[in-house]
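One structure below.
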Amino acid sequence: MVRQPLTPEQIEAGRRLGVLLRRARAGRDLVEIAQSAGISPETLRKIETGRLPSPGFGTIICLGEALGLPVQELADTWRGADQPLDAVS
């Protein structure tokens, strides 16, 4: 199966999500949060920096639980319902 390239909108959504996750982590140890979510620290780093703009649904759910973020807030951020990327980065 060939994966289609991400659209600019999907890349921007990933950046917004990364900003939200980084802010929610707020100084907590990246390794601890990654382990708590069942992912590698490098994966969390990539998500937070926007280098992995389209993480799996299960990964996002586990990160939300590890950080105490409601699924609705994660979804709203992904959709851009809260604010544009320029306002959060």
Any idea which heavy atoms bring [X] and [Y] closest together, and the distance?
X     : Y     : result
Ala13 : Trp78 : CB-O, 3.2 Å
Pro70 : Gly68 : CD-O, 3.7 Å
Ser36 : Ala66 : OG-CB, 3.7 Å

| query | Can you find a pair of side-chain heavy atoms, one from Thr77 and one from Leu69, that are under 4.5 Å apart? | reply |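 No, too far: nothing below the 4.5 Å cut-off.
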
| Judged by atom type as modelled, is there a donor-acceptor pair below 3.5 Å linking the side chain of Arg28 to the main-chain atoms of Arg25? | yes

For the [atom1] atom of [X] and the [atom2] atom of [Y], what is their distance to the nearest 0.5 Å?
X     : Y     : atom1 : atom2 : result
Ile11 : Leu6  : CD1   : CG    : 5.5 Å
Leu20 : Leu74 : CG    : CG    : 6.0 Å
Leu44 : Cys62 : CG    : SG    : 12.0 Å
Leu21 : Ile60 : CG    : CD1   : 5.5 Å
Glu48 : Leu63 : CD    : CG    : 8.5 Å
Gln35 : Asp29 : CD    : CG    : 8.0 Å

| field | Electrostatic pair Arg16-Glu12, nearest N-O below 4.0 angstrom | value |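 Judged by the 4.0 Å cut-off on N to carboxylate O distance, Arg16 and Glu12 do form a salt bridge.
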
| said: Once side-chain hydrogen bond (donor to acceptor under 3.5 Å, both in side chains) is applied, do any residues pair with Gln4, and if so which ones, sequence neighbours excluded? | reply: none

| task | Sequence neighbours left out, what passes salt bridge (charged side-chain N to carboxylate O under 4.0 Å, His left out) with Glu42? Give chain and number order. | result | Arg45, Arg51

